[in-house]
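The figures that follow rest on heavy atoms only: side chains count, while hydrogens, waters and symmetry mates do not.
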Amino acid sequence: MKNITHCEKLDSSNTTVILVVIVDVIIAVIAIFGNSVVIWSVIRFPNLRTNTNIFVVSLAVADLLVGICIPYYVLFYFHISWTCERTPCLLRYFTVLFPTISSMFSNIGAAVERYVAIIHPLSYHRIMNTGWAVKSIVIGWAYVGIVSALPLMGVNVWEADLQIECVHKCKECDLRYIVKPIYTLLAVSFHVFFTLIITLGLYYCIFREAWRHLKNIPPVGVNAIIPSLKRETKTSRMMGLVLGVCLLGLTPYLIAIMYPIIKLEEGDNNSWIVYKRWAVCFYLGKSSVNPLIYGWKNRDFREAFFRLLKIDRNKEFYSRSDANQTHRTSMPMFTITN
């Protein structure tokens, strides 16, 4: 099994593999660097320690783990002997599914926090607090960890016969060969669709309510209410954009894992293999985009990034950060550019 030279056809095209690996490596570098900066910014600057940013940090940790695990994932494009080894193959999908689905649950938490800030602003401080945010994140990560680890704990179809068949038929380390379709449907697809539906529904309610408030505010209260409402709405827009990027990254990959199950086809032709690998690039690529969104749409994050990178841009940010260390509230304090 160490000399599986006939499995070279799994590469389908050396050019394709090289391009995919280059893109994946670039994604890994950006994801690791960008999300590390996001995490350190929230730790370093007190004015970024808000309830919204607790979920932002959770997302950044998940995306950081994806970036760290990308090199291990792409090794399977070259180390063909690993294709038919049980534990490395199962670990390949655990290291990707665990942080990715965890980030989806963090998106739900952020959407709930935004929902309360817009729909129930007067009750925000009573409902939302740091303890609630941390507990919801811990519970979400623990639940996803258990679900993602089920194949490693024995919920898989890996047997000696499958390993022999894998060698002779040159099957790659693919999710549909190592777990039953029901696991892919329930543990992967269901959780992704469930979190997307819940999150999209919450953001629909958020933006509908914000628009209604902006239209119905009486003239006498415009100066006092509109700036705060616009600030909260723009924060929601930023998190909604993060969700949109997540949706764009997940859709091609969901098609890749669901189509063979629905059509009951092997899907091992070269075109399908090429599509799957580019779909994985989109799937992993979303982990590198979120830090760019924070820096683009959020002035406080942008100034924190410049500060950490030793780019002196705005001294007002430093004094604001120090002032907020003793005068912080639980309500998000964003200033976001259009």
Side-chain angles (χ1 to χ4, degrees), residues 20 23-39 41-42 52-70 73 96-115 137 140 144 188-189 191-204 206-207 233-257 275-302 305 332 334 336-338:
V20 168
V23 171
D24 283 338
V25 170
I26 293 173
I27 290 171
V29 172
I30 296 175
I32 293 171
F33 175 77
N35 288 290
S36 297
V37 172
V38 170
I39 296 168
S41 295
V42 177
T52 302
N53 286 350
I54 292 175
F55 295 102
V56 167
V57 168
S58 179
L59 282 166
V61 170
D63 291 337
L64 176 63
L65 291 176
V66 171
I68 293 172
C69 294
I70 285 176
Y73 189 94
V96 173
L97 293 177
F98 172 49
T100 302
I101 301 179
S102 295
S103 70
M104 298 296 296
F105 275 75
S106 296
N107 272 324
I108 290 183
V112 170
E113 188 272 339
R114 291 288 82 214
Y115 179 87
I137 289 172
V144 175
V188 182
S189 302
H191 283 94
V192 171
F193 283 121
F194 171 77
T195 54
L196 283 176
I197 291 172
I198 296 296
T199 312
L200 287 172
L202 287 170
Y203 278 115
Y204 170 76
I206 288 169
F207 292 125
T233 304
K234 288 181 179 180
T235 302
S236 302
R237 260 189 233 157
M238 182 187 74
M239 299 310 298
L241 183 58
V242 170
L243 177 65
V245 170
C246 181
L247 180 61
L248 289 175
L250 281 171
T251 300
Y253 183 73
L254 285 176
I255 294 173
I257 65 174
Y275 169 79
K276 284 194 303 181
R277 288 178 176 171
W278 285 114
V280 169
C281 285
F282 277 92
Y283 180 67
L284 301 175
K286 63 184 180 59
S287 298
S288 64
V289 177
N290 288 344
L292 302 178
I293 294 175
Y294 305 142
W296 170 38
K297 301 297 288 183
N298 185 285
R299 191 181 72 183
D300 284 348
F301 264 118
R302 184 165 59 251
F305 294 165
F334 280 125
I336 303 175
T337 60
N338 291 321

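- Dense packing is recorded around OH of Tyr275, with more than 12 heavy atoms of other residues, nucleotides or ligands lying under 6.0 Å away.
- When every heavy atom of Phe305 is checked against every heavy atom of Val37, the shortest pair comes out as CD2-CG1, 3.3 Å.
- In this structure, Thr195 OG1 and Phe105 CZ are separated by 6.5 Å, a value rounded to the nearest 0.5 Å.
- Cys281 has its side chain within reach of Asp24: a pair of non-hydrogen atoms, C-beta onward, lies under 4.5 Å apart.
- In this structure, the separation between OG on Ser287 and CD1 on Ile68 is 11.0 Å, given to the nearest 0.5 Å.
- For the atom pair CE of Met239 and CG of Asn298, the computed distance is 10.5 Å after rounding to the nearest 0.5 Å.
- Here Thr52 contributes atom OG1 and Arg114 contributes atom CZ; the two are 4.0 Å apart, rounded to the nearest 0.5 Å.
- When all heavy atoms of Leu202 and Ile108 are compared, the closest pair comes out as CD1-O, 4.4 Å.
- Side chain of Ser106 to main chain of Ser102: a donor-acceptor pair is present (N/O by atom type, distance under 3.5 Å, no hydrogens or angles).
- Val38 is listed as a side-chain neighbour of Phe301, based on a closest heavy-atom distance under 4.5 Å.
- Legend: residues meeting ring pair (Phe, Tyr, Trp, His ring centres under 6.0 Å) with Tyr253, ordered by chain and number and at least two apart, are Tyr283.
- Within the 4.5 Å cutoff, no side-chain heavy atoms of Val144 are placed close to those of Met104.
- Considering only heavy atoms from C-beta on, Val289 stays 4.5 Å or farther from Val242 through its side chain.
- Closest heavy-atom contact between Ser103 and Ala62: CB-CB, 3.8 Å.
- Using cut-offs of 30° and 60° on the angle between ring planes, the pair Phe207 and Tyr203 is parallel.
- Remark: Phe194 pairs with Phe190 by the ring pair (Phe, Tyr, Trp, His ring centres under 6.0 Å) rule, at least two apart or across chains.
- To the nearest 0.5 Å, atom OG of residue Ser36 and atom CG of residue Leu64 are 4.5 Å apart.
- Ala28 and Gly67 make their closest contact through CB-O, 3.5 Å (heavy atoms, listed as atom of the first residue, atom of the second, distance).
- The shortest non-hydrogen separation linking Asn107 to Cys246 is ND2-SG, 4.2 Å.
- Atom-to-atom distance recorded for Ile32:CD1 and Ile27:CD1 is 12.0 Å, nearest 0.5 angstrom.
- A donor-acceptor pair is defined here as one N or O able to donate and one able to accept, closer than 3.5 Å; no such pair exists between the side chain of Thr251 and the backbone of Leu248.
- Taking each heavy atom of Gly295 and Arg302 in turn, the nearest pair found is O-NH1, 2.9 Å.
- Remark: side-chain polar atoms of Thr100 are not paired, donor with acceptor, to backbone N or O of Leu97 under 3.5 angstrom.
- In terms of the ring pair (Phe, Tyr, Trp, His ring centres under 6.0 Å) criterion, Phe193 has no residue partners (sequence neighbours excluded).
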